[in-house]
Amino acid sequence: MSAGATLQFSGIPLNLLGDKKKASYIVTGTWSKKAAAEAKKYAEVEIAATIGADGSMPTEFKVSEDSAYVYLCDNETIEGREFKTVPKGLPAGIPVVADMSSNFLCRQINVADYGLIYACAQKNFGPAGMTVVIVRNDLMGHAHPLCPVIMDYAVVAKGKSMYNTPPTYPIYIAGLVFKWMLKQGGLAAIEAANERKAKLLYDMIDSTPFWSTPVADPAYRSSMNVPFTAQGGLQKEFLAFCTERGLVTLKGHRDIPNSFRASIYNSMPYEGVEALVAAMKEFQALQA
């Protein structure tokens with residue numbers, strides 16, 4: 001579909017509510033919070049779970065029987081939190097909607113576990129301006145009367161994604177990326193490479209109290225976005241140190257003060273993470 005994933009913050013309730021009024025949202029970070037806020041324009045939003053006071057991911061969920069769907073952001077890019085699978089404890093029979101914008105195609109998943117998956121292209125498979133929406137057949141055809149026709153999943157599916165002129169250039173580039181991924185060995189090989197990169201970086205962070213990450217539980221650490229901090233702050237100093245070594249765009253989000261964030265998407269080679277880890281070791285030694 002045309003446009004970015006943010007458009008689906010509206011598209012999902014407009015398509016999936018049907019004759020129901022309520023939708024449940026698991027809020028674990030910035031993007032799920034924004035999605036829930038947008039959905040409030042169209043639905044009664046129930047917050048099924050949030051992050052614990054200690055920053056831990058939720059393991060218990062409050063989902064009403066009359067909810068049209070339960071929504072989650074699979075990978076929160078700013079906070080570095082990731083659901084590796086569908087959370088246990090969600091009620092059967094209520095479709096799970098997952099925003100996979102920042103981890104789509106980073107690993108193998110069971111698509112049948114979800115009612116709807118959506119992901120923008122610009123993280124792992126193409127330029128901005130295109131979004132993939134994978135939706136179960138039975139969830140289509142119930143769009144709200146005020147849903148714009150180009151956002152109606154049933155209309156888009158019937159037109160084979162060409163109800164209007166599609167974003168041809170992003171689709172073309174995505175096709176080239178898909179061919180590259182197949183040459184790497186497919187999703188199994190991509191997943192193994194991503195796990196190897198993430199392990200190298202997290203092992204460095206965990207090896208010393210000088211570095212730390214806000215996501216304490218390894219089970220929920222993102223394999224795509226790794227936020228971390230240095231003892232004593234030192235944000236400007238480390239960023240300058242990295243820039244001198246050709247390592248850039250490592251500044252963390254303003255919501256995590258004095259932080260850094262390494263985005264290690266599919267296109268980041270293992271050697272890039274090795275260079276960052278080497279810089280971290282060298283910088284730490286200089287502070288001793």
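The basis for the numbers below is simple: all heavy atoms, side chains too, and nothing from hydrogens, waters or symmetry mates.
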(request) Return yes if a side-chain donor-acceptor contact under 3.5 Å exists between Ser102 and Asn75, otherwise no. (result) yes
(request) Return the minimal non-hydrogen interatomic distance between Thr208 and Met204, and the atom names on each side. (result) CG2-O, 3.8 Å
(message) Please report the interatomic distance CE(Met1) to CG(Asp152), rounded to the nearest 0.5 Å.
(response) 8.5 Å
(request) Can you establish whether the number of heavy atoms outside Phe61 located under 6.0 Å from its atom CZ is more than 12? (result) yes
(request) Using a 4.5 Å cut-off on heavy atoms from C-beta on, say whether the side chain of Leu250 contacts that of Leu239. (result) yes
(message) Which residue is it: Arg107, Arg81, Lys84, Lys123? I am looking for the one with a salt bridge (Lys or Arg N to Asp or Glu O under 4.0 Å) to Asp74.
(response) Arg107
(message) Quick one, Leu105 and Leu187 - any side-chain contact, counting heavy atoms below 4.5 Å?
(response) yes
(message) Count I, L, V, M, F, W, Y as connected when their side-chain heavy atoms are under 4.5 Å apart, and connections chain through other members. Are Leu234 and Leu247 then in the same cluster?
(response) yes
(request) Report whether Met224 and Tyr220 are members of the same hydrophobic cluster (ILVMFWY, side-chain heavy atoms less than 4.5 Å apart, transitive linking). (result) no
(request) Classify the ring geometry between Phe228 and Phe260 as parallel (under 30°), tilted (30 to 60°) or perpendicular (over 60°). (result) tilted
(message) Counting C-beta onward and ignoring hydrogens, is there a side-chain heavy-atom pair between Phe9 and Tyr42 closer than 4.5 Å?
(response) no
(message) Donor-acceptor pair, distance only, cut-off 3.5 Å: does the side chain of Arg261 make one with the backbone of Thr77?
(response) yes
(request) Return yes when atom CG of Asn137 has more than 12 non-hydrogen atoms of other residues, nucleotides or ligands closer than 6.0 Å, and no otherwise. (result) no
(request) Indicate, with yes or no, if Ile173 and Leu182 share a hydrophobic cluster defined by side-chain heavy-atom contacts under 4.5 Å among Ile, Leu, Val, Met, Phe, Trp and Tyr. (result) no
(request) On the 0 to 90° scale, with breaks at 30° and 60°, tag the Phe125-Phe104 ring pair as parallel, tilted or perpendicular. (result) perpendicular
(message) With rounding to the nearest 0.5 angstrom, report the OG to CG distance, Ser67 to Leu16.
(response) 12.0 Å
(request) Over all heavy atoms of both residues, which pair between Tyr25 and Pro13 is shortest? Give the atoms and the distance, please. (result) OH-CD, 4.4 Å
(request) Look at the side chain of Glu79 and the backbone N and O of Thr30, then say whether any donor-acceptor pair between them is shorter than 3.5 Å. (result) yes
Which side-chain N or O atoms in residues 47-56 pair as donor and acceptor under 3.5 Å with protein atoms at least two apart or in another chain?
{"from": "Asp54", "atom 1": "OD1", "to": "Ser56", "atom 2": "N", "distance (Å)": "3.1"}
{"from": "Asp54", "atom 1": "OD1", "to": "Ser56", "atom 2": "OG", "distance (Å)": "2.7"}

(request) Write down the atom of Pro257, the atom of Thr229, and the distance for their closest heavy-atom approach. (result) O-CG2, 4.2 Å
(request) Give a yes/no verdict on a cation-pi contact between Lys183 and Trp180, requiring under 6.0 Å between NZ or CZ and the six-membered ring centre and an angle within 45° of the axis. (result) no
(message) Quiz question: by atom type and distance under 3.5 Å, do the side chains of Glu76 and Ser222 form a donor-acceptor pair?
(response) no
(message) With clusters defined by side-chain heavy atoms of hydrophobic residues (ILVMFWY) lying less than 4.5 Å apart, directly or transitively, does Ile109 cluster with Phe178?
(response) yes
(message) Within the supplied structure, the quantity of interest is the number of heavy atoms (other residues, nucleotides, ligands) at a distance under 6.0 Å from Arg196 CZ; does it exceed 12?
(response) no
(message) Quick one, Asn103 and Phe83 - any side-chain contact, counting heavy atoms below 4.5 Å?
(response) no
(message) Do Asn194 and Tyr265 pair up side chain to side chain, a donor and an acceptor below 3.5 Å, judged on atom types alone?
(response) no
(request) With rounding to the nearest 0.5 Å, note down the distance linking CE in Met268 to CG in Asn266. (result) 11.5 Å
(request) Please examine the side chains of Tyr69 and Leu116, heavy atoms only from C-beta on, and report whether any two atoms are closer than 4.5 Å. (result) no
(message) Run the side chain to side chain contact (heavy atoms under 4.5 Å, CB included) test against Glu271 and tell me which residues pass, sequence neighbours left out.
(response) Pro269, Glu274
(request) Say whether Gln8 and Thr131, considering side chains only, have a donor N or O and an acceptor N or O under 3.5 Å apart. (result) no
(request) Quick one: pull up OG1 in Thr213 and CG in Asp217 and give me the separation to the nearest 0.5 Å. (result) 11.5 Å
(request) Write down the atom of Ala5, the atom of Ser101, and the distance for their closest heavy-atom approach. (result) CB-OG, 3.2 Å
(request) Could you tell me whether a side-chain N or O of Glu46 sits under 3.5 Å from a main-chain N or O of Lys22, the two making a donor and an acceptor? (result) no
(request) Answer yes or no: does atom NZ of Lys20 have more than 12 heavy-atom neighbours from other residues, nucleotides or ligands under 6.0 Å? (result) yes
(request) Measure the spacing between NZ of Lys251 and NZ of Lys236 and express it to the nearest 0.5 Å. (result) 8.0 Å
(message) So Met280 and Phe238, do their side chains get closer than 4.5 Å, heavy atoms only?
(response) yes
(message) Checking Ser32 against Tyr71: is there a side-chain donor and acceptor pair closer than 3.5 Å?
(response) no
(message) When you group the ILVMFWY residues by side-chain heavy-atom contacts below 4.5 Å and let the links chain together, are Tyr118 and Val135 in the same group?
(response) yes
(request) Count the heavy atoms belonging to other residues, nucleotides or ligands that lie under 6.0 Å from CH2 of Trp31, then report whether that count exceeds 12. (result) no
(request) Considering non-hydrogen atoms only, spot the tightest contact between Ile94 and Ser64 and give its length. (result) CD1-O, 3.4 Å
(request) Give the ring-plane orientation class for Tyr172 versus Tyr169, where under 30° counts as parallel, over 60° as perpendicular and anything between as tilted. (result) tilted
(request) Ignoring hydrogens and angles, tell me if any N or O in the side chain of Asn225 forms a donor-acceptor pair with the backbone of Ile78 under 3.5 Å. (result) no
(request) Kindly give the heavy-atom pair with the smallest separation between Val273 and Leu201, and that separation in Å. (result) CG1-CB, 4.0 Å
(message) What I'd like to find out is whether the side chain of Glu82 reaches to under 4.5 Å of the side chain of Ser223, using heavy atoms alone.
(response) yes
(request) Under the side-chain contact (heavy atoms from CB on, under 4.5 Å) rule, what do Val96 and Asp113 come out as? Steps first, then yes or no, please. (result) CA-CA 8 Å; Val96 176; Asp113 288 341; over 6 Å; no
(request) Answer yes or no: is there a side-chain heavy-atom contact under 4.5 Å between Ile171 and Pro166? (result) yes
(request) With rounding to the nearest 0.5 Å, note down the distance linking CE in Met100 to CG in Leu72. (result) 7.5 Å
